[in-house]
S.K.: 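Okay, here's the structure, questions in a sec.
Since the model is a prediction, treat every value here as computed from it, not as a measurement. Throughout, protein chains are lettered first and strands after them, A, B, ... in sequence-line order, and every chain is numbered starting at 1.
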Amino acid sequence: MQPLDKVYEPQKFEPYWAQWWIENGVFQAASDSPARMYSLVIPPPNVTGSLHMGHMFEMAETDISMRWRRMRGYNTLWLPGMDHAGIATQMVVERDLAQKGIQRREIGREKFLEHVWEWKEKYGDRIKKQIVRIGASCDWSRERFTMDEGLCRAVREAFVRLYDKGLIYRGTYLINWCPRCLTALSDLETVHEERDGHLWHLRYPVTGSQEYLVVATTRPETMLGDTAVAVNPEDERYRHLHGKTVTLPLMNREIPIITDEVADPKFGTGVVKVTPAHDPNDFAAGKRHNLAEITVMDETAHMNENAGPYAGLDRFEARRQIVAHLQNLGLLEKIEDYRLVVGTCQRCGTVVEPRISTQWFVRTKPLAEPAMAAVESGRIQIIPEQWRKVYFEWMTNIRDWCISRQLWWGHRIPAWYCEKCGEITVAREDPERCAHCGSAKVKQDPDVLDTWFSSGLWPFSTLGWPDDTADLRSFYPTSLLNTGFDILFFWVARMIMFGLEFTGEVPFRQVYIHALVRDAEKHKMSKTRGNAVDPMEVAEKFGTDAVRFSLVVGAAPGTDVVFSEDRLTGYQAFANKIWNAARFVFLSLEKAGAEPWAPENLQEFRPQASGGAMEVPLEDRWIFSRLNDVAEQSNRAIEQFRYHEVAHLLYHFIWHEFCDWYVELKKLRFQEGSGLTPEWKNLLAAFERTLRLLHPLMPFITEELWQRLTVHVAGRPRSLALAAYPQYDVHLSDMRAEREVEVLKSIIGAARDLRAQMKLDPRKVVEGTLYSKSAAVEIARGSAGAIQKLAAINLEVVAGSAPVNSGVHAATPEFDLVLRVPAAEVEARREKLGKEKAQLEKACDSSHRQLQNEEFLAKAPPAVIESIRQKLGQYEAQIAKLNQALDGLDASGNP
RNA sequence: GGGCGCGUAGCUCAGUUGGUUAGAGCGCCUGCUUCACACGCAGGAGGUCACAGGUUCGAGUCCUGUCGCGCCCACCA
């Protein structure tokens, strides 16, 4: 076997294992299994040729769940959702083209699609490889591109079914329009931003009167399209004007004064201009009063022919000129600074323009009701629970979903218009003739579907729906969706609605909403902000395992992960620590001249007694008991998505129990040329079990070490990823061993503490005496070697209490420790003891106070009272001992 | 405008249903090249749990308010 290097180099092993796992099909799932376990990973919503840290984090968490489930014997399937997003694809390709100075509209649809395919060809595989490299164990056989044939079929099926049920309709409404992307946007794709602006107060002369009405607006250019002004019907100030008209300045159009609730008497002047074609509120008011809808801008937000002299101007230029002209006419009452909210395009940030347009909509109320019920009843569990409320909030206020987009990359809407009769034919297969009049002159709707429409079908379309496949039967409903809250409405809610609508079942049983990764300044990481960290770079530098671990360890449910290099350095050191523990194991085995280790059964290995001895060595009984406890806690924590807890738990166990104590104790057993004694087998087995426990969190390093460790074990699984995750085993629990090691640790700890305070020469062995009335006597005698080695103290062990005035010592409930040292360094010790005593007295006082409190005694549970009584007894005993120790210091002139 | 979350050690954060002397990592201080590891070992300092009230025998934990920070949703000119 190749000896291990002194320093762990992840770059050497991680690429190898990433490759190996793929080649050996470790993560391919058998689709005919009855086990219903798999997890979805969200698609990177903005795939741009590389991944960002948020994805890395999400994959780490998902992968931990996946590996853990697989190791527990579940048949697992993790579907990568990458590259499904039409939004992202179109955006990326547009950006690519823009760099070459090409605009989408210039090259036409066909040419544009060629670019899209080219891009996928170029980057699709690279992204996939990157994802594997950063440690995600997905099943790539289920990968689907947006335009995958099967997915296209699923999308059509879904559209047709909804259409037939009347849940999809075509209508003319005021929608959000991006004048740069030239497409409709859903409400969710419109990002509201606060900006500084102005409130312009305009005067509209009342027809046939000297009076004028003052209206306030944040967008003066829309006044060209005004078709009314509104006052509140209850507003006494304007009662005399009901039924009259005003003359619209600049356009010289006579428009009515209407009464409507849109006008709030308490806001501004209480008069509102009504522009049905350019404002959602006004649109509704326009419908109520049957007003004309005059659109004054074209699709690129330039003023159109309805804007009279302003035609052709950009909307902001038009605004400037209109304000100037009104001012000249004396029709501008005043300008106020005003903080307003504008809608911007999620993709490009352009201010969206409300625009009247004919689009396709999904009627969401009938879909939302069962979707809410599913969460309400617990058929879908949202974790952490706080997100349930957010989900309900949104679902309750849901509005119809505009699903048509004027983009070129995406699923075409399966609707055909008849040139002859004008009717619409919606069909699964491309129709040759109009379903209504039979005319062959049918033309497909040029629009494509919102990318989230197809994404909503993901949980079952990837399993073969609409066909009744074996995959669908065995994996649907799926068990877990692990995703970020930023996508709760976009994706999660819609998957639930569609899942219930099309399959009659929930798409997943649990939704775990994970934390968000932020940079050191706590900003959300994003490409546009420029603070995104490339996970490939970081993984290359620190190792994937360290990156995964550091992300997970800081991610308590419901909080954010702050990304920092310091943390990474720390977990890189952790990986190195494990590596070196393994080095110790392998090197000492070599020195022992041991034959290969080949236990019959890894899973059920029990620690063994050494030749001739009746009992298994203390440290072995102890470490297996600890391992057992850690296994129980790990399982529970992963099950409850408390990944940070598992990470802390394993970090502490491996570093501060396995390495600091177990390995140190084992060193004492070492004998050159001893061969593979039972004691060595115990060490190997304990280490093997530790690797299994850690594997879901740090897959690469554990796999490498495990392969080396178990190379001669017959019938072992091909990969650690396929080995069994340790489970609690009542036979391995050994509380006596745990207590004994605790005592041993406190003896050594007390001795080290004394030595440090006395500033004794670290190498010089000091003579000492241990007095004890408890089991510590046996333990100290049994582990004299360990005490001498680990604390550099040669102990005489005496049953009973320390004599008064016996000199320097530490006093604990279990034992007294006396060291024979020169008196010179005693001051430091006295100070320390004084401090300890003060602390104990404080605790003692508070316990006393509690126990003297009648109400406490009357109302607190007996168990609590009893525990405080016991503690008090211990405090008092310890104080007595400390006093004795202090007296001893005073008396010990020169022992 | 509505809603959610967060203020705990110098920094980043844990703290599961209220119950011992509030924890971890990093950083800092002291001493160690001890034959797995200086990406290490041993020891140590450091916190009126944002503030003010309240409930309780008992509050970092529950309630109310104040201040500071972050986020989500929202068609009020």
S.K.: Please identify each residue that fulfils ring-ring contact (aromatic ring centres under 6.0 Å, His included) with A/H644, with sequence neighbours left out.
M.R.: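 Applying ring-ring contact (aromatic ring centres under 6.0 Å, His included) to A/H644 gives none.
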S.K.: With sequence neighbours excluded, what pairs up with A/Y651 under the ring-ring contact (aromatic ring centres under 6.0 Å, His included) test?
M.R.: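 In terms of ring-ring contact (aromatic ring centres under 6.0 Å, His included), with neighbours along the sequence ignored, A/Y651 is linked to A/Y571, A/F574, A/W655.
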S.K.: Once Watson-Crick and G-U wobble pairs under 3.5 Å are found, how is RNA chain B written in dot-bracket notation, 5' to 3', with | for any base paired to another strand?
M.R.: (((((((..((((.....[...)))).(((((.......))))).....(((((..]....))))))))))))....
S.K.: With a 4.0 Å cut-off on heavy atoms, is A/Y8 in touch with a base, just the backbone sugar-phosphate, or nothing at all?
M.R.: nothing
S.K.: Please list all pairs meeting salt bridge (Lys or Arg N to Asp or Glu O under 4.0 Å) that have one or both residues in residues 635-654 of chain A, counting only residues at least two apart or in different chains.
M.R.: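 Residue pairs with at least one partner in residues 635-654 of chain A: A/R642-A/E645.
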S.K.: Taking only the side-chain heavy atoms of A/V7 (C-beta and beyond), determine which of B/C39, B/C72, B/C75 contains the nearest atom.
M.R.: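 For A/V7, the side-chain atoms sit closest to B/C39.
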S.K.: Regarding A/D753, tell me which of base, sugar-phosphate or nothing describes its non-hydrogen contacts under 4.0 Å with the strands shown.
M.R.: sugar-phosphate
S.K.: Which parts of nucleotides 28-34 of chain B does protein reach within less than 4.0 Å, heavy atoms only, written one letter per nucleotide 5' to 3' as B for base, S for sugar-phosphate only and - for none?
M.R.: -----S-
S.K.: Quick check on A/Q671: does its CD atom have over 12 non-hydrogen neighbours (other residues, nucleotides or ligands) under 6.0 Å away?
M.R.: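 No, CD of A/Q671 has 12 or fewer neighbouring heavy atoms, counting only those of other groups under 6.0 Å.
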S.K.: Should the side chain of A/E645 and the base of B/A24 be counted as holding a donor-acceptor pair, with the cut-off at 3.5 Å?
M.R.: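 Checked by distance alone, the answer is no.
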S.K.: Could you give the CH2-to-C1' distance, from A/W579 to B/A38, as a whole number of Å?
M.R.: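 Taking atom C1' of B/A38 as the reference, CH2 of A/W579 is at 19 Å.
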S.K.: Contact list please: residues 273-286 of chain A against RNA chain B, heavy atoms, distance less than 4.0 Å, in numerical order.
M.R.: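 Only A/P280, A/N281 qualify.
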